[in-house]
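Below: the structure, in structure tokens.
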Amino acid sequence: MDATNILPILKKRLAFLSGGKDRRSGLILTIPLCTEQTSMEELSSTLDYLLGIPSDKCKARGFTVIVDGRKSQWNIVKTVVLMLQNVIPAEVSLVCVVKPDEFWDKKVTHFCFWKEKDRLGFEVILVSANKLTRYIEPCQLTDEFGGSLVYDHIDWVNKRLVFEKFTKESTSLLDELVVINDSEKSSQLDKERPPDCNFLPSLDPETVLQTGHELLSELQQRRFNGAEGGGVAWSPMDDELLAQPQVMKLLDSLREQYTKYQEVCRQRSKRSQLEDIQTKVMQVVNWLEGPGTEQLRTQWGIGDSIRASQALQQKHEEIESQHSEWFAVYVELNQQIAALLSAGDEEDLVELKSLQQQLSDVCYRQASQLESRQNVLQSAHEFHGTAQDLSQQLDGLLGMLCADVAPADGAAIQQTLKHLEEKLKSVEGALVGLREKGQVLMDQMSNQTSWSYGKDVPIDNKDNVDHIQGVMEDMQLRKQRCEDMVDVRRLKMLQMVQLFKCEEDASQAVEWLGELLDALLKTHIRLGDDSQETKVLLEKHKKFVDVAQSTYDYGRQLLQATVVLCQSLRCSTRSSGDTLPRLNRVWKQFTVTTEERVHRLEMACSFHTAAEKVLVQASPDQGDLPVEVEQETYEEVETVGKALLDRLTVPVIFPDGSEQYFGSPGDMASSAEHIRDKMKLVEDRKLTLHEEDEDEEDTEQLQYQQLHYEQIHDQDEELHDDEELQDDHELHDEELQEVDNELQDGEELELENETDT
């Protein structure tokens, strides 16, 4: 009976052999009854299976059966004990019924096992779980009875399944291997009889051997651990229950037959491989010398364009793809032949070397032709690609040369000219590359040969060579025409560069004049502190005007050159039509401004000269008595000074009606303040010289002012009463204030005179 047939029943753990032994070395059979109803039929099947495991020697020692009735009823326990009489009466030595704490007292009076010993054939005792050690050592009892024996029922079932599976598979495999080995031996003795190569074992010997080794290792490990007394204790999987020697014997027999079978397979594989190699070698050779050679012999063109060369390359790739399949077979065959040669079987060496040499010669020759053809097609593709690129570059260069030149400025012309030169240089480089690639292609075609019927046959490539040379000559002629046109365009562009340069410089002259005008208005504002400084400023101003004049003349000359270049280039005047009016307008503004500047400097020079004359002649610092200054000189200082002050407030009026002031209001205010200070200084000097003559006049004037003051006060009272004369009142107040101030000045002057006297 196999465990697989009653596997569901075994997993229920109705009974088990824990591996423990009684004091007579008999095996302990445990029947754990549960609260649920136990199927006697399943229990009987379990006992039949378990009792078939131990050896006859082990069975002869007898079994000690432990019936655990602690969770069951008395009638079930009694039924189980009676069933043991029918199942294993001869093998049972002792039955220990483990009773619960509260025993079935009344039940015992109706049935006494000790009285039935002769009829049952074995002794039955009722014992508590804690007293079971009187009959069995604690180390041979499982933990449920207070022992220390470790038992895992599921693990035991799994190991039994593995053991039975190995036993069954190994036995079947041994029978098959014996038949195969004997059949091969018979075929070797009778060489005319073909071997039966299709007969193979139904199981993998390696897998079965691996299973057996793992099982044996497990058994040995469990036995070793049990012997040590630690870890996993003695279990029913040791050699007494699972027949460890039986596993070892099966493994030895299986290894022996498997070794013979491996040799048989090696011989079979060698014969089959040799035959297969011969067949495949002839297939490769026949195809390469037949259809393969014919495909290459019909493909020798290079095409007349890049598209045609790409089509030829695609066709050649298809041919290479077909050859690659056969070359892969060649590589595989070569490896197989090398492996057989390394084996050293003398009877096959000559044949194998002959096959290898024949195959290598054909494959290398065909691969060489394929590579040569691929190189030619690759060079042809590069040649046509370079020719196409060169043609496109020439077309682009010709398009640039045929297009009208209308650049925006000289920098654009320089950029266009540079771009034109770069394109021409690129065309020259591409033409050199085309010649080199054409020469390489012709050299490769001159070395091409075709293998036909065992001989090298040269190929006629005259048409291909003529095509290559024709393409190179055509490109050379087109390049020469473009070079001539580039020379003409270069000359025209250089003239245009000069034209734009003149226009640019003329515009720059206008900007310079504008900057000079701006500088004249904003920075040339000083009038000098004395006549000498004013004269220096006049000299500097003349030089400044000379610079502006040269700038204006330079701009006029540039505009005249622009007109000449436009006439030479047969194009209308460009920016000169706008530049000339701007130049003239700025020059007129500058002329008006510089004239105004000259007038102011001349007036300032006259003013400083007259003032200095007054101050020098009237100054007592010379050591002599002051010289009397003419009244006309004082009047000249006052007149010129006031005129200059008035002129400083007047803007420069340009011909177009626009106005512009010199400097900022603060600058003008500073210049005016300086002039007023100098005028006051002259006035003070004049008063100092005439103050003695004016003392009497001052006294009379003071009396007159006092009288006039009284009159004004009287009028003021009347004005306060009349609202309609309010404005006159304000005017009288101002006059009154002026009179007060004059009186105070007169009193102060009189005091000063008295002090001086």
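Taking a 6.0 Å sphere around CD of Glu428, one finds it holds more than 12 heavy atoms contributed by other residues, nucleotides or ligands. Heavy atoms from other residues, nucleotides or ligands lying under 6.0 Å from CD of Gln314 number 12 at most. Environment of NZ in Lys479: crowded, with over 12 heavy atoms of neighbouring residues, nucleotides or ligands closer than 6.0 Å.
In this structure, the side chain of Ser324 engages the main chain of Glu320 through a donor-acceptor pair within 3.5 Å. Using modelled atom types, no side-chain atom of Asp474 and backbone atom of Gly470 make a donor-acceptor pair closer than 3.5 Å. Side-chain atoms of Ser368 do not come within 3.5 Å of backbone N or O of Tyr364 as any donor-acceptor pair. Side-chain N or O atoms of Ser379 include one that pairs as donor or acceptor with a backbone N or O of Asn375 at under 3.5 Å. At distances below 3.5 Å, at least one donor-acceptor pair connects side-chain atoms of Thr593 with backbone N or O atoms of Gln589. In this structure, the side chain of Ser321 does not engage the main chain of Glu317 through any donor-acceptor pair within 3.5 Å. Side-chain N or O atoms of Ser550 include one that pairs as donor or acceptor with a backbone N or O of Val547 at under 3.5 Å.
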### Residue pair Glu539, Lys543: steps toward the side chain to side chain contact (heavy atoms under 4.5 Å, CB included) verdict
CA-CA 7 Å; Glu539 291 297 327; Lys543 295 179 181 179; 5.6 Å; no
### Task
With side chain to side chain contact (heavy atoms under 4.5 Å, CB included) as the test, would you mind laying out the steps for Arg307 and Leu312 before giving the verdict?
CA-CA 9 Å; Arg307 181 175 297 178; Leu312 290 174; over 6 Å; no
### Task
Could you walk me through whether His316 and His323 pass the ring-ring contact (aromatic ring centres under 6.0 Å, His included) test, one step at a time?
CA-CA 10 Å; His316 183 72; His323 280 73; 8.4 Å; no
### Task
Go through the steps to decide whether Phe383 and Val471 satisfy the test side chain to side chain contact (heavy atoms under 4.5 Å, CB included), and finish with yes or no.
CA-CA 10 Å; Phe383 174 78; Val471 170; 3.9 Å; yes
### Query
Where do Ile319 and Leu370 land on the side chain to side chain contact (heavy atoms under 4.5 Å, CB included) test, with the steps shown first?
CA-CA 9 Å; Ile319 295 174; Leu370 282 171; 4.1 Å; yes
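Expressed to the nearest 0.5 Å, how far CG of Leu434 lies from NE2 of His384 amounts to 10.0 Å. Atom CG of Leu377 is separated from atom CD of Gln310 by 11.5 Å, given to the nearest 0.5 angstrom. Between the SG atom of Cys482 and the CG atom of Leu394 there is a distance of 5.0 Å, given to the nearest 0.5 Å. The line from NZ of Lys280 to CH2 of Trp326 is 10.5 Å long, rounded to the nearest 0.5 Å. With values rounded to the nearest 0.5 angstrom, Leu431 atom CG is found 10.5 Å from Gln393 atom CD. Here the CG-NZ distance, from Leu420 to Lys425, works out to 14.0 Å after rounding to the nearest 0.5 Å.
Considering every non-hydrogen atom in both Ala561 and Cys502, the closest pair reads CB-SG, 4.0 Å. Looking at every heavy atom in both residues, Pro655 comes nearest to Val592 through CD-CG2, 4.0 Å. Between Thr386 and Gly433 the shortest heavy-atom distance is CG2-C, 4.3 Å. In this structure, Leu559 and Ala506 approach most closely via the heavy-atom pair CD2-CB, 3.7 Å. Residues Ala509 and Tyr554 share a closest heavy-atom pair of CB-CD2, 4.5 Å. Closest approach of Pro291 and Asn286 over heavy atoms only: CD-O, 3.8 Å.
Looking at Gln366 and Glu289, their side chains never bring a donor and an acceptor atom within 3.5 Å of each other. For the residue pair Asp443/Gln439, the side-chain donor-acceptor check at 3.5 Å is satisfied. In this structure, a donor-acceptor pair under 3.5 Å is present between the side chains of Asp553 and Gln549. Side-chain contact annotation: Ser305 with Gln388, donor-acceptor N/O pair under 3.5 Å absent.
At a threshold of 4.0 Å, the pair Asp361-Arg365 does not count as salt-bridged, since none of the basic side-chain nitrogens sits closer than that to a carboxylate oxygen. Remark: Asp546 does not engage Lys542 in a salt bridge, criterion side-chain N to carboxylate O under 4.0 Å.
For the pair Met445 and Ile468, the minimum side-chain heavy-atom distance is below 4.5 Å. For the pair Met475/Met472, no side-chain contact is recorded, criterion being any heavy-atom separation below 4.5 Å from C-beta on. Between Leu390 and Val427 the shortest side-chain heavy-atom distance falls below 4.5 Å. A 4.5 Å side-chain heavy-atom check between Ser309 and Ile302 finds every atom pair outside the cut-off. Side-chain atoms of Val652 and Glu659, non-hydrogen and from C-beta on, never get closer than 4.5 Å to each other. Counting only heavy atoms from C-beta outward, the side chains of His541 and Leu520 approach each other to under 4.5 Å. In this structure the side chain of Glu504 never reaches within 4.5 angstrom of the side chain of Gln508, judged on heavy atoms. At least one side-chain heavy atom of Ser360 sits under 4.5 Å from a side-chain heavy atom of Tyr330.
Taking the six-membered ring for Trp and thresholds of 30 and 60 degrees, Phe590 and Phe544 have ring planes inclined between 30 and 60 degrees apart.
A ring-centre distance under 6.0 Å is not found for Phe662 and His524.
A side-chain contact (heavy atoms from CB on, under 4.5 Å) with Val586 is found for one member of Leu513, Thr591, Thr551 and no other, namely Leu513.
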